[in-house]
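When a ligand or atom number is given, it counts from 1 through the structure's own listing order.
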Amino acid sequence: MSRKSRRASPGFLFLQMAKRHPIGVFDSGYGGLTVLGEVVQALPGYDYLYLGDNARAPYGSRSFESVYRYTLGCVKWLFDQGCPLIVLACNTASAKALRTIQQKDLQHIAPDNRVLGVIRPTTEIIGNFTRSGKIGILATTGTVQSGSYRIEIEKFFPQVGVFQQACPMWVPLVENNEHLGPGADYFVREGIDKLMSQEEGIDIVLLACTHYPLMIDKIREFMPPGVQVMTQGNIVAISLADYLKRHPEIESRLTQNGDMHFYTTDSTEDFDAHASIFYGKPVQSSYLSLT
Ligand code: DGL
């Protein structure tokens, strides 16, 4: 089916989603699927609407202004489809756009709705896993430059040292499906070596980009022995389940038909081919044009 034939007209979307109030899950591309999979496992039965902004990915090397503008546009669209709650399953968007959306935009665009990120759930527990008190963060350039992990971990675990390394080639490798090939070895080893050479004794390394779990086997292969590699999907899923328990005013607005819809701002054919591999199940997406 061509991209055009699967293009979602506003009327179609309205009819399709009229009685649905899904949990919105957003990422710049495929990475959020690693979070979605864990969330669906922890919270089956709810309706989900996934949006990957593949046309403008990667976000990691873009300015604050661009990441904020793109993310806000996607958040507004997900609200328009009836999502009372959105998870930004993207560290770069969580680092560069979430706070402004929560503190400035939400009150104007949808005061009763909520937008959550992936950084807070991770930083409030990660300090419990290190024995040496030294944590490594592998992330996009944007996430590293924002300093969000260092700032947030310090709030919860002031005694823990945080060492960060940007890996700007890793997301393009994943987005182009080259992350498991031999060409990826050089860049994976380079990122790990640069991180580990910053400090001796790092014993926990967090994959602070939702794309990176897709190459976890390769990352583990090049990681020094004894270093634990952590991913976020499960942490975010547990935190979201807890959030819904604590916020019945949001939970009661979510519909539970077990529906799952995927949208991409780029080619549906490409999305379906990649996403099915990353999500572990067949995916059939619709095209969304966002400007
Ligand atoms: N997967 C996203 C993250 O967690 C963004 C990657 C990108 O678009 O650069 O940071």
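- Between Phe262 and Phe271, the ring-plane angle classifies as tilted under the 30° and 60° cut-offs.
- Counting heavy atoms closer than 4.0 Å to ligand 1, residue Thr92 contributes atoms from both its backbone and its side chain.
- Judged by distance alone, the side chain of Asp47 and the main-chain N or O of Asp259 form a donor-acceptor pair under 3.5 Å.
- Looking at Thr143 and Ser146, their side chains never bring a donor and an acceptor atom within 3.5 Å of each other.
- Only the side chain of Asp27 comes within 4.0 Å of ligand 1, counting heavy atoms alone; its backbone N, CA, C and O stay farther away.
- Looking only at heavy atoms of the protein, atom 9 (O) of ligand 1 is closest to Gly60 N, 2.7 Å.
- Looking at Ser94, its side chain does come within 3.5 Å of a backbone N or O of Leu88 through a donor-acceptor pair.
- Ligand 1 lies within reach of Cys90, whose nearest heavy atom is under 4.0 Å from it.
- Between the OG1 atom of Thr71 and the CZ atom of Arg56 there is a distance of 8.5 Å, given to the nearest 0.5 Å.
- Residue-to-ligand polar distances place Asn91 within reach of ligand 1: an N/O pair is separated by less than 3.5 Å.
- At a heavy-atom cutoff of 4.0 Å, ligand 1 is contacted by both the backbone and the side chain of Thr210.
- The shortest N or O to N or O distance between His211 and ligand 1 is below 3.5 Å.
- Here Glu154 does not pair with Arg150 in a salt bridge; the nearest charged N to carboxylate O distance is not below 4.0 Å.
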